[in-house]
Amino acid sequence: MTETSSTPSTAGDAQEAQRGRLQRLMRYLPLVAPVLLWAVPCGVLLYTGQQWPLPVTLTGTALFVLGLIGMPLAMARGHGRRQQDWAAIVGDTLLGSMWVLFTWSVLLGVLLRPALTVAGVGDGQDRARIVTWAVLGVTAVLLAWGYAEARRVPRVRRVDVELPRLGAGLDGTRVVLITDTHYGPLDRARWSERVCERVNTLEADLVCHTGDIADGTAERRRAQAAPLGTVEATRARVYVTGNHEYYSEAQGWVDLMDELGWEPLRNRHVLLERGGDTLVVAGVDDVTAESSGLAGHGADLAEALDGTDPGLPVLLLAHQPKFIDRAAAHGVDLQLSGHTHGGQIWPFHYLVRLDQPALAGLTHHGARTRLYTSRGTGFWGPPFRVFAPSEITLLVLRSPS
């Protein structure tokens, strides 16, 4: 009995120690990550056998050091208490640029140099310089393409979704999803207008926005968000909060969306009826609302579904895919989410998958619950999208009958 009872305790102690080590690592990550982001490309491009002239090496090193110091300072001024848009633009652009440069410095430094050696191309200095120019060339092309991808009006992605409990009268219901518009330091008022114009061509019955409208308060970003008031739907326009609203006075965004004619689904539901059949359209606050300190804010699915007929199909709006476990437990038929941006800048999606159960597209969870995760309509921070295109999603609901 003594040995048996001590085993769980030992295992629990080991798990607790592992969690403690992980927490300590996460505390140091914000300090270590920027250093690696700048130091690795600096080493690969300047100090791996290139033998550049001394002025080139010193100038390049000085630029990397200035960037290492300047990027965190700019991001702190842009996203911290001061909220200076010019600083946010500088800091975010440097962050995205260095992420791409870091990625390809590692990949080409590891893969291209041995390939050149096997192929017998040049001597050590020649190969080192080829790697440098290849890294800089690939980075320049990807950043130019990624910027264009981030700033364009998203393409429409159509997805047919069969819901076993959907009545025949609701077959063909057109649901348009936009999310993660992230109006921010770069003024995108005209982009916002064009997105709404594109949405209005889709003849939607229901238009949904699943949060992260902007980076900044409703007062500061009102001009960019105002075109959302022109969005058309035959039945309803509904909205739920994302985590970024809780960084920027969430209630202000709830009030503005209400003013623009959208229904904020804060742990509540509306009914969509057609052809004698009914669909419950419910929404919950983002999961971060629970720790925001805002009175009355917090995700509560039971409250959102209170008073509904349990036999009716449910469409749920929840900003983060990780809410799917609660949705499946309540028998939700389809959850619509955003948040992930599809990773936004490859290969960041590997880190996103550590936190979320889905990255993009339609996935199945439990007996009947489906989750659609949008890659997002806008972009956060760095004005780049690399191998993670934005989207406006048209979901056509299908009944099995």
For Asp180 and His341, work out which heavy atoms get closest and say how close.
OD1-NE2, 3.3 Å
What distance separates Thr103 OG1 from Leu142 CG, expressed to the nearest 0.5 Å?
9.5 Å
CD-OG1 distance between Glu232 and Thr201, expressed to the nearest 0.5 angstrom
10.0 Å
Would Arg221 and Ser248 count as a side-chain hydrogen bond (donor to acceptor under 3.5 Å, both in side chains) here? Give the steps.
CA-CA 11 Å; Arg221 309 303 183 201; Ser248 307; over 6 Å; no
Would Arg152 and Glu149 count as a salt bridge (charged side-chain N to carboxylate O under 4.0 Å, His left out) here? Give the steps.
CA-CA 6 Å; Arg152 69 170 173 78; Glu149 281 286 295; 3.1 Å; yes
Any donor-acceptor N/O pair, Trp99 side chain to Ile345 backbone, under 3.5 Å:
yes
Minimum-distance pair of heavy atoms, taken over all atoms of Leu37 and Met71:
CD2-CE, 4.3 Å
Can you confirm whether the side chains of His79 and Asp215 place a donor and an acceptor under 3.5 Å from each other?
no
Please find out if less than 6.0 Å separates the ring center of Trp253 from that of Tyr246.
no
Spacing of Thr139 atom OG1 and Leu101 atom CG [to the nearest 0.5 Å]
4.5 Å
To the nearest 0.5 Å, what is the distance between CG (Asp355) and NZ (Lys322)?
3.5 Å
Between Glu290 and Gly298, what is the shortest heavy-atom contact and its length?
CG-CA, 4.0 Å
Without swapping roles, check the side chain of Thr340 against the backbone of Leu359 for a donor-acceptor pair under 3.5 Å.
yes
Just verifying a value: how many Å separate Asp92 CG and Ser97 OG, rounded to the nearest 0.5 Å?
10.5 Å
Should the pair Asp285-Arg266 be classified as a salt bridge under the 4.0 Å nitrogen-to-oxygen rule?
yes
Locate the shortest heavy-atom distance separating Leu315 from Leu279; write the atom from each residue and the value.
N-CD1, 4.0 Å
Would you say the side-chain atoms of Arg174 pair up with the backbone N or O of Gly172, donor to acceptor, closer than 3.5 Å?
no
Kindly say whether Trp380 contributes a backbone atom to a donor-acceptor pair with the side chain of Gln344 at under 3.5 angstrom?
yes
side-chain hydrogen bond (donor to acceptor under 3.5 Å, both in side chains) partner of His319, the single match among Asp212, Thr241, Thr210
Asp212
Give the minimum heavy-atom separation between Gly338 and Thr373, together with the two atoms involved.
O-CG2, 3.8 Å
Assess whether atom CH2 of Trp133 is packed by more than 12 heavy atoms of other residues, nucleotides or ligands within 6.0 Å.
no
Looking at Trp52, I'd like to know if the NZ or CZ of Arg129 sits under 6.0 Å from its six-membered ring centre while staying within 45 degrees of the ring's axis.
yes
Aromatic rings Tyr239 and His209: how do their planes relate, parallel, tilted or perpendicular, breaks at 30° and 60°?
perpendicular
Over 60° means perpendicular and under 30° means parallel, so tell me whether His244 and Tyr247 are parallel, tilted or perpendicular.
perpendicular
Run the salt bridge (charged side-chain N to carboxylate O under 4.0 Å, His left out) check on Arg190 and Glu193 step by step: do they pass?
CA-CA 5 Å; Arg190 177 57 188 147; Glu193 292 173 2; 2.9 Å; yes
Checking Asp333 side chain against Val314 main chain: does a donor-acceptor pair fall under 3.5 Å?
yes
Is any side-chain heavy atom of Arg326 closer than 4.5 Å to one of Val287?
yes
Is any side-chain heavy atom of Phe384 closer than 4.5 Å to one of Thr93?
yes
Would you give the length of the straight line joining atom OH of Tyr372 to atom CG of Leu177, rounded to the nearest 0.5 angstrom?
7.5 Å
